[in-house]
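Remarks on the structure that follows.
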Amino acid sequence: MASHYEAPIRKPLVLGEKSYHDVTVDVAAPVEGKANRAWWIVFGISLAAFLWGVGCIIYTISTGIGVWGLNPTVNWAWDITNFVWWVGIGHAGTLISAVLLLFRQKWRMAINRSAEAMTIFSVIQAGLFPIIHMGRPWLAYWVLPIPNQFGSLWVNFNSPLLWDVFAISTYLSVSLVFWWTGLLPDFAMIRDRAITPFTKRVYSILSFGWSGRAKDWQRFEEVSLVLAGLATPLVLSVHTIVSFDFATSVIPGWHTTIFPPYFVAGAIFSGFAMVQTLLIIMRKVSHLEDYITIQHIELMNIVIMITGSIVGVAYITELFIAWYSGVEYEQYAFLNRATGPYWWAYWAMMTCNVFSPQFMWFKKLRTSIMFSFFISIVVNIGMWFERFVIIVTSLHRDYLPSSWTMFSPTFVDIGIFIGTIGFFFVLFLLYARTFPVIAQAEVKSILKGSGEGYKRLRAEHGDDVKHYTMPEGVASAPAPAKESSSEEDHSEKIQDLLSGIGSFDPETQTADDLKLISGVGPKMEEKLHQLGIYTFEQVSKMTDKEYDLLDSILDEFPGRAKRDDWAGQANKLKNNS
């Protein structure tokens, strides 16, 4: 039999004395509970930004794209900058899920679900910009090679702009299927825990009849690997194709062969930074600190540091090639970026993308939550400036000095961009309230190898301990020293519970049928009887304190009694009897 030994440097990926049931409850809590005040505030701000963006889009389509800050020289600007930025952000989700799955990296399992969702929502935002830029979005179907009423209007397959359409639509469809496939076990978990018939029906449809049989899991793993294999080349191809929009031109600063790998590295860089931003927010708001740990944040920071360094090398290579080429137009393009009218954008890009990630060499900084959050935002600002510098500074000084001009965005440009940010967060916030944000089945699969409680058992009892059958009480006990007094603690909690709701006297009182309360079945009724709860009168006196005591005693479906309002139901049943 192979040894279960793990080097001590391996830190636990799941903190706390978690059992399988604890994982289920923690993952389901954001979906089953009510949204808190902070969620509603952020959602309201995001929705307002989205509606402002919708208004700007309607104004653009009804008036024409002349309302943007474009001019004959700078005919690509804010819109294409935002398009490339959003496509780049969408890359990390597939990379985290697909590539790290193929490499069997356990640390992906707590963060891949949110990264995949971010991919879907980012690509949706990116797809909006080319459609709006057409000026006549109702003719968007012209990019498809289909017969039409005007005769044979065949698309130009030599155009990188057309490659964008196919690359992004393929990327979106494969990412969507990959994301949804991973969600099936979690939808089934929510379905099985559902209280209302409507919720159970909705999640039954979403779970596609998942039953948890061995055959289901076998197919699930096979499909996941196939989709990961398909999605991995897409990570490279999509942003490579986006880079061809620029690299196939003859404009100084664009006409360079380094663009494909440079764009891919930049996309992964910005995508990981956005995932980091969302994870740090979500782990706090959804109380997932035990699953999205400091180690996850640190590993993400290491990837950001590495990809930031690659991007820095690409910047230096561009400057060297411009000098080495001897082409005065190329040399001027890069000199103009650094010292021309848009010098502030160039140096903002260099500061945010090259210098700021280097702080992650220091362990104290890359394990700091606040510093990681700050750097993740700085990196995304820097990557937006990178796209702006590439597009605008290369166009505003072309071959004819008589055509030189400046670009400045209008309120419509800014409004549409802010609208897409609002739309992104609206989608992400709704996702966090309706879909499980952590792949609970995958986290459970690593619990016995990377869970803090199981690691502690092996440390105490040796490497040969049968840690795959965790002793009763270990999962819920804070420490081994307290196990001896667990029975006393249990009896004290029962006494506290009965002191609040009253005790049952069989000589003077008659037991009620507690199964009439929604959420109480035969087994639950038996457990309530063991605690001394027999009547509607007792249940009707339950308050938050008694609900919490009941949850801690039974350790089964925490929060159900409060959600179902057992006290309110019992009060009605008591009055009707």
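Since the structure is predicted, the reported quantities are computational estimates derived from the model, not experimental observations.
- For residues 370-382, the set of pairs meeting the salt bridge (Lys or Arg N to Asp or Glu O under 4.0 Å) definition, not counting sequence neighbours, is empty.
- For S243, the side-chain hydrogen bond (donor to acceptor under 3.5 Å, both in side chains) test picks out no residue, with sequence neighbours left out.
- In summary, the side chains of W86 and T420 do present a donor paired with an acceptor at a separation below 3.5 Å, with no hydrogens or angles considered.
- Every residue two or more places apart in sequence or in another chain that forms a side-chain contact (heavy atoms from CB on, under 4.5 Å) with L51 is listed here: L47.
- N380 is listed as a side-chain neighbour of W85, based on a closest heavy-atom distance under 4.5 Å.
- For F425, the ring pair (Phe, Tyr, Trp, His ring centres under 6.0 Å) criterion is met by no residue, not counting sequence neighbours.
- With rounding to the nearest 0.5 angstrom, the CZ atom of R283 is 5.5 Å from the CD1 atom of I297.
- Remark: the S122 side chain and the Q125 side chain contain no N/O donor-acceptor pair separated by less than 3.5 Å.
- With sequence neighbours left out, L236 forms a side-chain contact (heavy atoms from CB on, under 4.5 Å) with V264.
- From L365, atom CG reaches atom NZ of K363 across 12.0 Å, with rounding to the nearest 0.5 Å.
- Two residues are said to be in side-chain contact when any heavy atoms from C-beta on lie closer than 4.5 Å; V379 and S356 meet this criterion.
- Residue pairs meeting the side chain to side chain donor-acceptor pair (under 3.5 Å) criterion with at least one partner in residues 365-375, sequence neighbours excluded, are E298-R366, N301-S372.
- Closest non-hydrogen pair, A267 versus S270, comes out as O-OG, 3.1 Å.
- For W40, the CH2 atom sits in a loose shell: 12 or fewer heavy atoms of surrounding residues, nucleotides or ligands are nearer than 6.0 Å.
- For the residue pair A567 and Y547, the shortest heavy atom distance occurs at N-OH, 3.2 Å.
- From R387, atom CZ reaches atom CZ of F263 across 7.0 Å, with rounding to the nearest 0.5 Å.
- For the pair F435 and L430, the minimum side-chain heavy-atom distance is 4.5 Å or more.
- Using cut-offs of 30° and 60° for the angle between ring planes, the W179 and Y431 rings count as tilted.
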Which side-chain N or O atoms in residues 219-232 pair as donor and acceptor under 3.5 Å with protein atoms at least two apart or in another chain?
| from | atom 1 | to | atom 2 | distance (Å) |
| --- | --- | --- | --- | --- |
| E222 | OE2 | Q218 | NE2 | 3.3 |
| S224 | OG | F220 | O | 2.8 |
| T232 | OG1 | A228 | O | 2.7 |

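- When atom types are taken as modelled, the side chain of N571 and the backbone of S540 share no donor-acceptor pair closer than 3.5 angstrom.
- At least one donor-acceptor pair closer than 3.5 Å links the side chain of W39 to the backbone N or O of L429.
- For T170, the side-chain contact (heavy atoms from CB on, under 4.5 Å) test picks out V174, L234, with sequence neighbours left out.
- Closest of all the heavy-atom pairs between A570 and I517 is CB-CD1, 4.2 Å.
- In this structure, I418 CD1 and S46 OG are separated by 12.0 Å, a value rounded to the nearest 0.5 Å.
- M189 is not listed as a side-chain neighbour of Y203, based on a closest heavy-atom distance of 4.5 Å or more.
- For the pair M542 and I533, the tightest heavy-atom approach, listed with the atom from each and the gap, is CE-CD1, 4.0 Å.
- Looking at residues two or more places apart in sequence or on another chain, you find a side-chain contact (heavy atoms from CB on, under 4.5 Å) between T307 and I268, F269, V303.
- I120 and S175 make their closest contact through CD1-C, 3.6 Å (heavy atoms, listed as atom of the first residue, atom of the second, distance).
- Not one N or O on the side chain of Y171 forms a donor-acceptor pair closer than 3.5 Å with the backbone of V123.
- No more than 12 heavy-atom neighbours from other residues, nucleotides or ligands sit within 6.0 angstrom of CZ on F374.
- With contacts defined as side-chain heavy-atom distances shorter than 4.5 Å, the pair H529/L514 qualifies.
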Under the criterion side-chain contact (heavy atoms from CB on, under 4.5 Å), I'd like the reasoning laid out for F373 against I281: C-alpha separation, chi angles, the key distance, then a yes or no.
CA-CA 9 Å; F373 184 66; I281 294 172; 3.7 Å; yes
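- For the pair I292/M282, a side-chain contact is recorded, criterion being any heavy-atom separation below 4.5 Å from C-beta on.
- Applying the salt bridge (charged side-chain N to carboxylate O under 4.0 Å, His left out) criterion to K515, with sequence neighbours excluded, gives D513, E525.
- Pairing each heavy atom of C352 with each of P357, the nearest pair is O-CD, 3.5 Å.
- For F50, the ring pair (Phe, Tyr, Trp, His ring centres under 6.0 Å) partners at least two apart in sequence or on another chain are F423.
- Looking at D164 and F83, their side chains come closer than 4.5 Å, going by heavy atoms from C-beta outward.
- Sorted by first then second residue, the salt bridge (Lys or Arg N to Asp or Glu O under 4.0 Å) pairs that include residues 167-191, not counting sequence neighbours, are R113-D186.
- Between L550 atom CG and W566 atom CH2 the span is 6.0 Å, to the nearest 0.5 Å.
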* What do the steps show when you test F187 against W180 for ring-ring contact (aromatic ring centres under 6.0 Å, His included), and what is the final call? -> CA-CA 10 Å; F187 283 148; W180 202 272; 5.3 Å; yes
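- Looking at heavy atoms from C-beta onward, F371 lies out of side-chain contact with K364 at the 4.5 angstrom threshold.
- Residue L206 holds its CG atom at 11.0 Å from CZ of R201, rounded to the nearest 0.5 Å.
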